[in-house]
Amino acid sequence: VQLQASGGGLVKAGGNLTLSCLHSEFRLPLYSLAWFRQAPGKEREGVSCINSNGAYTHYSNSAKFRFTITRDDAKNTVYLQMNSLGPEDTAVYYCAATPSAFSVDRCLRESEYIYWGQGTLVTVSS
């Protein structure tokens, strides 16, 4: 399974950005998907996750009410719409996939995911 994240870039504080993750696996509609991020000098953290049919989503506290995860399996793509960005959102963002059953208790844990994209850098200037 190959995942390719894109859409990162430089944005001013308060701005918006949408990340995309294109996947190559035909079975991915059966997979749960997630976005993680890693800020400079920090550990990677879960941002948002979505179950296989898009009916369930979950967000970290920092992403709640500002970010929206969606998936379009017809386009083999998962999106992360990010609004009201701040410098604290500066990080490399990664998409990830797992065939495991979706659980809000586990879906933001790195250990749940076996397929990872290469990351896309988001820089938010103040």
Side-chain angles (χ1 to χ4, degrees):
V1 175
Q2 293 187 352
L3 301 169
Q4 185 171 356
S6 62
L10 176 64
V11 63
K12 292 183 179 180
N16 306 326
L17 207 58
T18 298
L19 305 182
S20 301
C21 178
L22 179 66
H23 60 78
S24 63
E25 172 59 48
F26 72 96
R27 292 171 296 178
L28 222 70
L30 302 178
Y31 288 25
S32 297
L33 302 167
W35 287 95
F36 288 75
R37 69 184 183 185
Q38 187 166 22
K42 295 187 177 181
E43 294 185 353
R44 190 155 57 183
E45 63 173 354
V47 175
S48 183
C49 45
I50 187 168
N51 79 319
S52 59
N53 66 6
Y56 297 99
T57 59
H58 186 56
Y59 298 89
S60 66
N61 287 336
S62 61
K64 203 176 298 183
F65 309 123
R66 296 189 302 130
F67 294 3
T68 303
I69 188 171
T70 56
R71 63 189 296 164
D72 185 342
D73 291 325
K75 296 182 179 180
N76 288 1
T77 303
V78 58
Y79 302 96
L80 186 68
Q81 170 69 42
M82 305 186 294
N83 298 330
S84 302
L85 287 163
E88 66 277 9
D89 297 311
T90 294
V92 177
Y93 284 72
Y94 300 89
C95 54
T98 179
S100 300
F102 183 83
S103 167
V104 294
D105 293 332
R106 301 190 308 269
C107 74
L108 292 182
R109 298 179 187 175
E110 282 191 69
S111 58
E112 285 293 294
Y113 298 87
I114 58 175
Y115 301 113
W116 291 84
Q118 84 290 1
T120 185
L121 176 63
V122 172
T123 303
V124 184
S125 63
S126 57

Undergrad: Could you tell me the separation between the CD1 atom of Ile50 and the OG atom of Ser32, rounded to the nearest 0.5 Å?
TA: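 Interatomic distance, Ile50 CD1 to Ser32 OG, rounded to 0.5 Å: 9.0 Å.
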
Undergrad: With rounding to the nearest 0.5 Å, note down the distance linking OG1 in Thr77 to CG in Leu22.
TA: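 Spacing of OG1 (Thr77) from CG (Leu22) equals 4.5 Å.
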
Undergrad: With a cut-off of 3.5 Å and sequence neighbours excluded, list every side-chain donor-acceptor pair involving residues 91-104.
TA:
residue, atom, partner, partner atom, Å
Tyr93, OH, Arg37, NH1, 2.9
Tyr93, OH, Asp89, O, 2.7
Thr98, OG1, Ser100, N, 3.1
Thr98, OG1, Ser100, OG, 3.2
Thr98, OG1, Glu112, O, 2.8
Ser103, OG, Asp105, N, 3.2

Undergrad: Atom CZ of Arg109 and atom CD of Glu45: how far apart are they, to the nearest 0.5 Å?
TA: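 Spacing of CZ (Arg109) from CD (Glu45) equals 15.5 Å.
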
Undergrad: Just say parallel, tilted or perpendicular for the rings of Phe36 and Tyr113, cut-offs at 30° and 60°.
TA: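 Aromatic pair Phe36/Tyr113 classed perpendicular.
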
Undergrad: Under a 3.5 Å distance rule, please check whether Arg71 uses its side chain to pair with a backbone N or O of Asn51 as donor and acceptor.
TA: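 At least one qualifying donor-acceptor pair exists.
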
Undergrad: Run the side chain to side chain contact (heavy atoms under 4.5 Å, CB included) test on Tyr59 and Leu108 for me, step by step, so that the C-alpha distance in whole Å, both residues' side-chain angles and the decisive distance to 0.1 Å come before the verdict.
TA: CA-CA 8 Å; Tyr59 298 89; Leu108 292 182; over 6 Å; no

Undergrad: Check whether Trp35 and Leu85 end up in the same hydrophobic cluster, where Ile, Leu, Val, Met, Phe, Trp and Tyr are linked by side-chain heavy atoms less than 4.5 Å apart.
TA: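 Trp35 clusters together with Leu85.
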
Undergrad: Side-chain contact, heavy-atom cut-off 4.5 Å: Leu80 with Ser48?
TA: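 Heavy-atom side-chain distance check passes, below 4.5 Å.
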
Undergrad: To the nearest 0.5 Å, tell me how far His23 NE2 sits from Asp73 CG.
TA: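 Here the rounded value is 5.5 Å.
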
Undergrad: Compare every heavy atom of Ala34 with every heavy atom of Cys107, then report the nearest pair and how far apart it is.
TA: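 In terms of heavy atoms, the two residues are closest at O-CB, 4.2 Å.
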
Undergrad: List the steps, then state whether side chain to side chain contact (heavy atoms under 4.5 Å, CB included) holds for Val122 with Met82.
TA: CA-CA 10 Å; Val122 172; Met82 305 186 294; 4.0 Å; yes

Undergrad: So, Ser84 side chain and Arg66 main chain: donor-acceptor pair closer than 3.5 Å or not?
TA: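 No: the side chain of Ser84 does not pair with the backbone of Arg66.
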
Undergrad: Only counting residues at least two apart or in another chain, list the ones meeting salt bridge (charged side-chain N to carboxylate O under 4.0 Å, His left out) with Glu110.
TA: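 Counting only residues at least two positions away or on another chain, Glu110 forms a salt bridge (charged side-chain N to carboxylate O under 4.0 Å, His left out) with Arg44.
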
Undergrad: Among residues at least two apart in sequence or on other chains, which ones pass side chain to side chain donor-acceptor pair (under 3.5 Å) with Asn83?
TA: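 Applying side chain to side chain donor-acceptor pair (under 3.5 Å) to Asn83 gives Gln81.
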
Undergrad: Using 0.5 Å steps for rounding, measure from the CG atom of Leu10 to the CG atom of Leu17.
TA: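 These two atoms lie 9.5 Å from each other.
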
Undergrad: Nearest 0.5 angstrom please: Tyr115 OH to Cys21 SG, how far?
TA: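 If we round to the nearest 0.5 Å, Tyr115:OH and Cys21:SG are 13.5 Å apart.
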
Undergrad: Please determine whether side chain to side chain contact (heavy atoms under 4.5 Å, CB included) holds for the pair Ser60 and Phe67, giving the CA-CA distance in whole Å, both sets of side-chain angles, and the decisive distance to 0.1 Å.
TA: CA-CA 10 Å; Ser60 66; Phe67 294 3; over 6 Å; no

Undergrad: Taking the side chain as everything from C-beta on, heavy atoms only, tell me whether Val78 gets closer than 4.5 Å to Ile69.
TA: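 Yes - at least one pair of side-chain heavy atoms lies under 4.5 Å apart.
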
Undergrad: Is Tyr31 linked to Ile114 within one hydrophobic cluster, defined over Ile, Leu, Val, Met, Phe, Trp and Tyr using a side-chain heavy-atom separation of less than 4.5 Å?
TA: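 Looking at the clustering, Ile114 is in the same group as Tyr31.
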
